[in-house]
Structure formats: C-alpha cells, structure tokens
Amino acid sequence: MRNMNQQILIVEDEPAMCDLLTSFFSEKAHKVDTVQDGEHAIARLEEHDYALVITDIKLPGMSGLELLARIRVDWPEVAVIIMTAFSSISSAVEAMKLGAEDYIGKPFQLDELGITVEKALERRSLRREVKELRAEVRGRYNFSNIIGRSKPMQQLFEVIKRIAARRDASALIIGSTGTGKELVARAIHYNSDRRDAPFVPINCSAIPDTLLESELFGHQKGAFTGAHENRRGLMEEAQGGTVFLDEINTLSPSLQVKLLRVLQERVVRRVGGRENIPIDIRLVSASNQDLEEAVKGGEFRQDLFYRLNVVPVLLPDLKDRREDIPLLVHHFLQKFAQHHGEPPRRFASDAMRVLMTHAWPGNVRELENAVEHALTMGSGEILLPEDLPASVTAPERDIVQEASLDDVALAEVERRYILRILEKMGGHQIKTASILGIDRRTLYRRLRQYRYAGRMRAEDEEETDESIGKGTAQATASL
Ligand SMILES: Nc1ncnc2c1ncn2[C@@H]1O[C@H](COP(=O)(O)OP(=O)(O)OP(=O)(O)O)[C@@H](O)[C@H]1O
Ligand SMILES: [Mg+2]
C-alpha cells in the first residue's frame with residue numbers, strides 16, 4: 001500500500017502499448033508519464049521525481065540498455081525495469097548486470113507486470129528506508145552510541161554535553177532497568193576532559209557491604225582477616241577519571257556517611273588506614289528508583305542526595321519514546337551483523353509492528369535481547385514475528401485473573417510472576433530482582449524453592465565475579 005502514488009515513467013515507442021500501460025497503472029493509483037525514446041526520458045527525469053522507469057530495450061535512437069546505464073549514474077535512486085522480447089535472454093542478463101531492478105519478457109500478462117512493478121517499488125522503498133536509518137544512526141541521532149531521535153533523547157544529549165563540560169559536577173542518573181544508565185555514565189566520561197583517565201563502574205548492590213567499603217576505599221594490610229597486603233581502592237584507581245556508582249540507592253547508611261565525606265573533603269581513607277589520600281574524580285551515580293522518595297522515607301541521606309544530584313538526568317522508558325524503536329532495531333541489527341561478520345538482516349513489517357507495540361518492561365536491554373534472539377532463531381534474511389521471544393509476541397497475560405480462575409494460592413501467583421519476569425530479563429538475576437523490588441538473595445532463595453537453582457547458581461557466581469573482578473583486574477593492571 002505504501003507504494004501507491006509513486007511516479008512511473010514508461011519509455012516505449014508503440015503508442016498502443018503506452019496507452020495500455022498508462023490505464024493499467026493509473027487504476028492502481030500510480031502517476032504515469034510516457035515518452036517514445038531515451039532522449040525524451042532523460043529530459044523528463046531531469047524535471048520530475050520518478051520512483052521507477054519501465055523501458056523497452058529496443059527503442060529508436062538510444063537503446064534501453066544505454067538509458068539504463070545513464071540512469072544508474074545520474075539517478076541512482078530510480079529503479080528500472082526492462083521489457084525485452086523473450087527471444088533475447090542475453091540482453092535481459094546484460095540489463096541485470098547493468099543494475100536493472102528486474103526484467104519482463106514480452107509478451108506479458110498485465111498482472112505479471114503489475115507484480116514485478118510492486119516488488120521493485122517495495123525493494124526501492126526498503127533500500128531508501130535503510131539508507132535513511134543508517135544516516136540517522138551515524139549522524140545526529142547517535143551520541144556516543146546512545147541512539148535516539150525522540151525529543152527526550154535529543155534533550156538528554158544536550159544535558160550530557162553540559163555535564164561533560166563541567167569537570168567536577170556530580171550527576172545522578174535515574175531510569176528504569178535497561179534504559180541506558182551505564183551508557184549515559186560512559187558518555188559523560190568519554191566526552192569530558194577526564195576521558196584519558198579510567199572510567200570505573202561499581203555496582204553497589206552486587207557486592208556485600210563490608211567488601212564494598214574496601215573495594216571503594218582500599219585497605220591497609222591486616223585491617224581485617226584476609227587483608228594480606230595494602231590495597232588501593234577503586235576511588236584511587238579512578239584518579240583523574242570517573243567513578244560510576246550503580247544502584248546507589250542500595251548503599252548502606254554507614255557507607256552513605258563515608259561517601260559523603262569523600263565528596264565533601266575530596267580525600268579517601270583506606271579501611272584500617274590513617275592517612276587521608278587526596279582524590280580527583282567525578283562521581284556519577286545511578287538508581288532505578290526515585291531517590292527523592294527514599295530520602296523522604298528516611299532510607300537515603302538528604303545531604304548525600306544533594307551532593308550526588310547536582311545535575312539530575314532522567315532516562316525515559318522505551319514505551320514512552322516508541323519513535324526510537326526503528327532506529328534502535330536497525331542499530332542492533334547492524335551491530336550483531338558486524339560482530340558475526342554477516343550481512344545485515346531485517347525484520348518483516350509484521351514483526352516490526354510487534355516490536356513497535358510491545359510494552360518493553362526491560363526497556364532497551366529487552367529490545368536488544370529480542371533482536372539477538374530473532375537473529376539466532378530466524379533462518380532467512382527476513383526476520384519473522386515467530387523468530388521473536390515468546391515474551392515479546394505473546395499478548396500480556398493477566399496473572400491475577402488467570403490465578404483466580406485456577407483458584408491458586410498466593411505463593412503460586414508469586415512463583416508465576418517471578419518466573420515470568422526472569423524470562424523477560426533473559427535469566428538475568430540482578431535485573432529481575434531490581435524490577436521485582438526485592439533483594440537478590442531473596443530472589444535466589446525463591447528460585448531455589450522452585451528448583452531453578454542448578455541453572456541459576458553458575459550465572460549467579462559469574463555475575464558477582466564480574467562486578468568485583470572489574471575492579472580487581474584494574475587494580476592489578478595499574479599497580
Ligand atoms: N539509547 C540507547 N541506544 C543504544 N543502546 C542502548 C540505549 N540504551 C540502552 N542501550 C543498550 O541497552 C543495554 C542496557 O543499557 P545499560 O546497561 O546502560 O542500562 P541500565 O539502565 O544501566 O540498566 P540496569 O538498570 O538494568 O543496570 C546495553 O547493551 C546498552 O548498550
Ligand atoms: Mg546498569
């Protein structure tokens with residue numbers, strides 16, 4: 001349908017054929033012009049915006065193939081279909097080599113030509129769409145790999161630039177899971193003059209409290225059991241750079257006090273140490289909960305909140321900026337294709353419709369997972385709705401209603417809900433716990449009850465290792 005109203009130029013020296021084609025395509029709501037030869041065709045192309053040229057191969061003067069060659073050079077966006085006598089297959093082959101979109105042998109059925117034309121127009125508009133998307137993803141809709149054309153995202157780019165320009169300003173990023181908080185924190189760092197010093201991310205909820213303190217501030221030998229040597233903390237490791245404290249809302253009251261002191265005095269003291277070590281870092285923190293609420297509820301210190309929240313950055317949910325979905329999908333398709341050294345594939349329009357309407361509770365991360373899932377499951381160049389994860393294609397089930405039909409216990413409702421969110425998050429426990437608003441250990445206990453433990457345990461350890469390991473690896477590297 002979207003190919004209606006496109007302008008077609010027919011180059012044909014037989015007037016009866018011209019009339020036939022004109023009335024056929026006009027009926028299909030295309031605008032049609034006809035000319036008798038190649039020279040006139042060129043004159044028309046110079047004046048009008050055609051989507052498609054259908055040309056006979058045998059013309060008086062310039063041949064159809066010469067016209068085709070000229071169009072490829074001067075009007076690369078115009079699709080060309082060649083009409084040739086069935087006896088001259090070799091010229092059809094020649095035409096395809098020269099870049100014709102398709103060819104049709106004479107005599108032909110009008111319907112057959114109609115299908116050839118619609119296919120050519122469809123391919124042309126897809127090519128144009130991909131080209132536009134590519135330009136957008138490379139250009140103003142891409143800021144440090146953050147993709148977005150929607151108004152809130154364009155405003156976000158401005159905010160990031162302003163924060164980046166102020167070397168010491170703290171920023172607090174608030175956004176639901178998967179909205180790109182870490183991406184934004186990195187963008188602030190890499191667009192600031194601290195970019196050559198380290199960016200050190202720390203997930204406050206992934207590390208037990210006592211360990212977190214020594215991770216952040218370091219420790220002296222003998223400060224506690226297992227402290228066999230002096231060790232610098234991540235704040236020191238980040239000297240000159242940026243520390244990213246993720247899930248800051250989970251910081252314990254005692255660490256809140258210590259962090260406040262670091263921000264006020266710009267020094268750290270190692271666990272068990274007596275010396276004040278000056279540090280020059282920017283602190284970027286993130287939370288998936290409204291920290292102001294936590295302050296009101298007395299769980300988060302107000303003075304620390306003010307220190308962290310010098311510049312607030314709010315990340316919108318994906319469902320509130322659906323116009324960014326096609327750009328993001330294109331971006332991820334390109335990214336995965338590049339990563340696997342494959343030619344990029346694309347989504348069929350009904351699959352794209354699913355992507356545009358899904359609620360995306362896991363935001364951009366969930367979208368990225370869905371694209372990767374489809375690339376793995378889909379076998380063709382075009383990805384279909386059934387290639388998407390079931391959690392995306394299935395209509396949202398109403399768990400409460402379902403449960404009341406089955407007369408199940410509250411615990412069973414909880415079990416179904418937890419497992420559903422876990423599936424949505426691709427088995428990622430930290431994310432699942434954060435959406436459910438429960439502690440990770442509580443989630444783990446539940447999963448063990450549900451006999452989910454075997455699979456989860458390996459991932460669990462991996463995650464914790466990763467979050468702690470990051471700092472350790474850096475510390476080793478720079479000592
Ligand atoms: N605007 C965006 N453009 C491109 N990629 C994005 C965008 N937002 C998020 N992503 C991608 O989505 C994934 C999740 O982003 P990120 O880890 O920054 O989210 P987050 O808000 O920190 O999530 P969480 O709260 O779960 O930690 C990453 O792979 C990231 O690259
Ligand atoms: Mg994050």
Side-chain angles (χ1 to χ4, degrees), residues 174-179 181 203-206 208 246-247 249-250 286-294 296-300 315-320 322 353-374 377 385-464:
I174 307 274
S176 323
T177 180
T179 47
K181 293 184 292 294
N203 188 325
C204 302
S205 78
D246 204 356
E247 308 207 30
N249 50 308
T250 63
S287 166
N288 52 20
Q289 282 165 19
D290 186 352
L291 216 49
E292 247 173 318
E293 283 302 311
K296 278 188 204 136
E299 298 117 48
F300 204 85
L315 298 189
D317 282 355
L318 187 56
K319 67 174 185 324
D320 298 326
R322 292 186 188 274
R353 237 184 333 270
V354 172
L355 295 173
M356 288 297 288
T357 49
H358 181 57
W360 300 117
N363 292 295
V364 186
R365 176 181 295 104
E366 189 190 358
L367 176 65
E368 185 174 2
N369 288 345
V371 172
E372 191 172 17
H373 185 277
M377 301 310 289
E386 53 265 38
D387 299 331
L388 288 165
S391 54
V392 172
T393 43
E396 273 298 293
R397 286 171 13 220
D398 185 337
I399 289 191
V400 174
Q401 197 187 21
E402 241 173 54
S404 62
L405 288 178
D406 296 354
D407 274 340
V408 300
L410 192 57
E412 171 62 13
V413 181
E414 185 184 273
R415 188 186 74 89
R416 291 184 190 178
Y417 190 64
I418 289 178
L419 292 179
R420 176 183 310 166
I421 301 292
L422 185 68
E423 188 195 326
K424 268 199 172 136
M425 294 296 103
H428 201 303
Q429 270 189 83
I430 295 185
K431 310 299 167 207
T432 305
S434 113
I435 285 194
L436 295 170
I438 57 175
D439 189 85
R440 212 159 56 95
R441 278 166 284 269
T442 312
L443 174 65
Y444 182 61
R445 254 197 322 277
R446 293 283 193 284
L447 294 177
R448 205 161 44 195
Q449 282 168 9
Y450 312 151
R451 299 178 184 284
Y452 221 89
R455 216 188 103 206
M456 301 311 298
R457 198 171 296 129
E459 283 174 24
D460 198 22
E461 279 161 12
E462 230 170 68
E463 259 161 22
T464 316

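Numbering of residues begins at 1 and proceeds along the displayed sequence.
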Could you list the residues that satisfy side-chain contact (heavy atoms from CB on, under 4.5 Å) with [X], not counting sequence neighbours?
{"X": "I421", "result": "Y417, M425, T432, I435, L436"}
{"X": "R445", "result": "T442, R448"}
{"X": "S176", "result": "T179, D317, N363"}
{"X": "P389", "result": "A370, H373, S391, V392"}

Partners meeting salt bridge (charged side-chain N to carboxylate O under 4.0 Å, His left out) with [X] (sequence neighbours left out):
{"X": "R322", "result": "none"}
{"X": "E386", "result": "none"}
{"X": "E292", "result": "none"}
{"X": "R365", "result": "none"}

Original post:
Are any non-hydrogen side-chain atoms of Q429 and L447 less than 4.5 angstrom apart?
Top reply: yes

Subject >> Check: N288 and K181 side chains under 4.5 Å, non-hydrogen atoms >> reply: yes

Nearest heavy-atom neighbours spanning [X] and [Y]:
{"X": "A286", "Y": "D246", "answer": "CB-OD1, 3.6 Å"}
{"X": "I430", "Y": "A206", "answer": "CD1-CB, 4.3 Å"}
{"X": "S205", "Y": "E247", "answer": "OG-OE1, 3.3 Å"}

Subject >> Short N-O contact, K296 and E293, less than 4.0 angstrom >> reply: yes

Original post:
If you draw a 6.0 Å radius around CE in M377, do more than 12 non-hydrogen atoms from other residues or ligands fall strictly inside?
Top reply: no

Rounded to the nearest 0.5 Å, what separates atom [atom1] in [X] from atom [atom2] in [Y]?
{"X": "L422", "Y": "R446", "atom1": "CG", "atom2": "CZ", "result": "14.0 Å"}
{"X": "L315", "Y": "D320", "atom1": "CG", "atom2": "CG", "result": "12.0 Å"}
{"X": "Y444", "Y": "D439", "atom1": "OH", "atom2": "CG", "result": "14.0 Å"}

Sequence neighbours left out, what passes side chain to side chain donor-acceptor pair (under 3.5 Å) with [X]? Give chain and number order.
{"X": "S287", "value": "N249"}
{"X": "E412", "value": "R415, R416"}
{"X": "D290", "value": "none"}
{"X": "E372", "value": "none"}

